[in-house]
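As structure tokens, the structure follows; a few thoughts come after it.
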Number of protein chains: 2
Amino acid sequence: MLSKKSQYAFKALTYLSEKYEQGPVLISEIAKKKKIPLKFLENILLELKKAGILDSKKGKGGGYFLQKAPDQITMATVIRLINGPIAMLPCVSLYFYERCSNCNEKVCGLHDMMVEVRDATLNIVDNRTIKDLLVGGKS
Amino acid sequence: MLSKKSQYAFKALTYLSEKYEQGPVLISEIAKKKKIPLKFLENILLELKKAGILDSKKGKGGGYFLQKAPDQITMATVIRLINGPIAMLPCVSLYFYERCSNCNEKVCGLHDMMVEVRDATLNIVDNRTIKDLLVGGKS
DNA sequence: AACATAGCCCACCAACTCTATAGACTTTTA
DNA sequence: TAAAAGTCTATAGAGTTGGTGGGCTATGTT
């Protein structure tokens, strides 16, 4: 399941997408409009900034804004950053791989099945961006 | 991600599948062979029993055994029971549905995308059984 | 220079979940 | 009736999640 943090991140990114190339947006504005706890949102936006998804400006007239176009930010990137692995098992994760203890991947039926699930999921989240989250984003 | 509990459950079910229709198997035997903490496994097996997947016999000569054939127990059933929702959002879950607060499902891009992910995942886990976990299970 | 603005950073906390264990109880078989 | 084996309840430690408080730093304005 996606954490609340992830859902907040997507809401914030959606909001910032609507304001893309319209200058910095205040954290407090996003928090208010999207009903996200302010200080919690602060952490999330900072994380998104450090990952190169957002950028910010300090002082008066400052705020947060997208560093790339909405259609250049994939869902997979955001999920991995805020939520963690997309795969259902560490031994099947591309970005958070850890080998199985007591289980040989070469002959593990669960492993193979979870690879299938991972690929089916990636096929979607790798090919969708936050632009697709906007109403009418497909037009 | 699948919890350790889920992974233990699958290991135990795999073991019991190999012994299908060969009489009850001791918890302690499964625990030892599959390297699962005994008391923890106890809880898991009991849960699987209450869900109608396993059955048991008490007293000497007792133990656990599958209540249905391995190919009659879907992955989805076990995951939902031991791990919880398969969907990435409550508002998209078939068995654990909860409506979104502050979000209209009718016009939520995230909702729609997560429906896709859910269906892609279900397409796999609804059509695979614990028989498929066994080596050579496809033959 | 001084001040207000707004993001940055650190530390902390409550609640919850996950993993695991302990111990007593019940049922069954020999 | 004694041993075997599952059943049940409770609990505890570790880690994660969701959230808050307060001070620091950079920036723009006057």
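Every chain is numbered from 1, with letters handed out A, B, ... down the list of sequences.
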Requested in this report: Enumerate the residues from residues 7-28 of chain B whose closest heavy atom to DNA chain D is under 4.0 Å, giving them by residue number; use none for an empty result.
Outcome: B:Val25, B:Leu26, B:Ile27

**Report entry** DNA chain D-proximal residues of residues 56-63 of chain A, any heavy atom under 4.0 Å
**Finding:** A:Lys57, A:Lys58, A:Gly59, A:Lys60

Query raised in the report: 5'-most contact on DNA chain D: B:Leu46 or A:Leu2, nearest heavy atom basis?
Result: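 Comparing both residues, the 5'-ward one is B:Leu46.
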
Query raised in the report: Mapping A:Ser6 and B:Lys39 to their closest nucleotides on DNA chain D, which lands nearer the 5' end?
Result: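 Between the two, 5'-proximity favours B:Lys39.
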
**Report entry** Distance-only side-chain donor-acceptor flag, A:Thr14 / A:Ser17, under 3.5 Å
**Finding:** no

Report task. Would you tell me whether B:Thr77 and B:Thr74 have side-chain atoms, one donor and one acceptor, within less than 3.5 Å of each other? Result -> yes

Measure from [atom1] on [X] to [atom2] on [N] and round the result to the nearest Å.
X: A:Phe40; N: C:dC12; atom1: CZ; atom2: P; answer: 19 Å
X: A:Ile44; N: C:dG7; atom1: CD1; atom2: C1'; answer: 15 Å
X: A:Asn83; N: D:dT16; atom1: CG; atom2: C1'; answer: 12 Å
X: A:Leu41; N: D:dG19; atom1: CG; atom2: C1'; answer: 12 Å
X: B:Met1; N: C:dT17; atom1: CE; atom2: C1'; answer: 15 Å
X: A:Glu42; N: D:dG21; atom1: CD; atom2: P; answer: 12 Å
X: B:Phe65; N: D:dA5; atom1: CZ; atom2: P; answer: 15 Å
X: A:Ile36; N: D:dG19; atom1: CD1; atom2: P; answer: 10 Å

Report task. Return the minimal non-hydrogen interatomic distance between A:Asn83 and A:Met1, and the atom names on each side. Result ->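 Answer, listing the atom of A:Asn83 first, then A:Met1: ND2-O, 3.6 Å.
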
Report summary line: From the list B:Leu54, B:Ile44, B:Leu45, side-chain contact (heavy atoms from CB on, under 4.5 Å) partner of B:Leu13 resolves to B:Leu54

Query - Rounded distance (nearest 0.5 Å) linking atom CE of A:Met113 with atom CG of A:Leu89 - result: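 One finds 11.0 Å between CE of A:Met113 and CG of A:Leu89.
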
Query raised in the report: Quick one: OH on A:Tyr15 to CG on A:Leu66, what's the gap to the nearest 0.5 Å?
Result: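 Result: 12.5 Å between the selected atoms.
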
Report task. Tell me which nucleotide among D:dG18, D:dT7, D:dT9 gets nearest to the side chain of B:Asn43. Result ->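 Output: D:dT9.
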
Query raised in the report: For B:Val25 and B:Phe65, what are the C-alpha separation, side-chain angles and deciding distance, and is it a side chain to side chain contact (heavy atoms under 4.5 Å, CB included)?
Result: CA-CA 6 Å; B:Val25 181; B:Phe65 49 94; 5.9 Å; no

**Report entry** B:Lys33 with B:Glu18: basic N within carboxylate O range, under 4.0 Å
**Finding:** no

Report task. Walk me through it: do A:Lys50 and A:Leu46 pass the test side chain to side chain contact (heavy atoms under 4.5 Å, CB included)? Result -> CA-CA 6 Å; A:Lys50 286 178 179 166; A:Leu46 197 53; 4.2 Å; yes

Query raised in the report: Would you say a side-chain N or O of A:Lys50 is under 4.0 Å from OP1 or OP2 of C:dG7?
Result: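 No, no such contact exists.
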
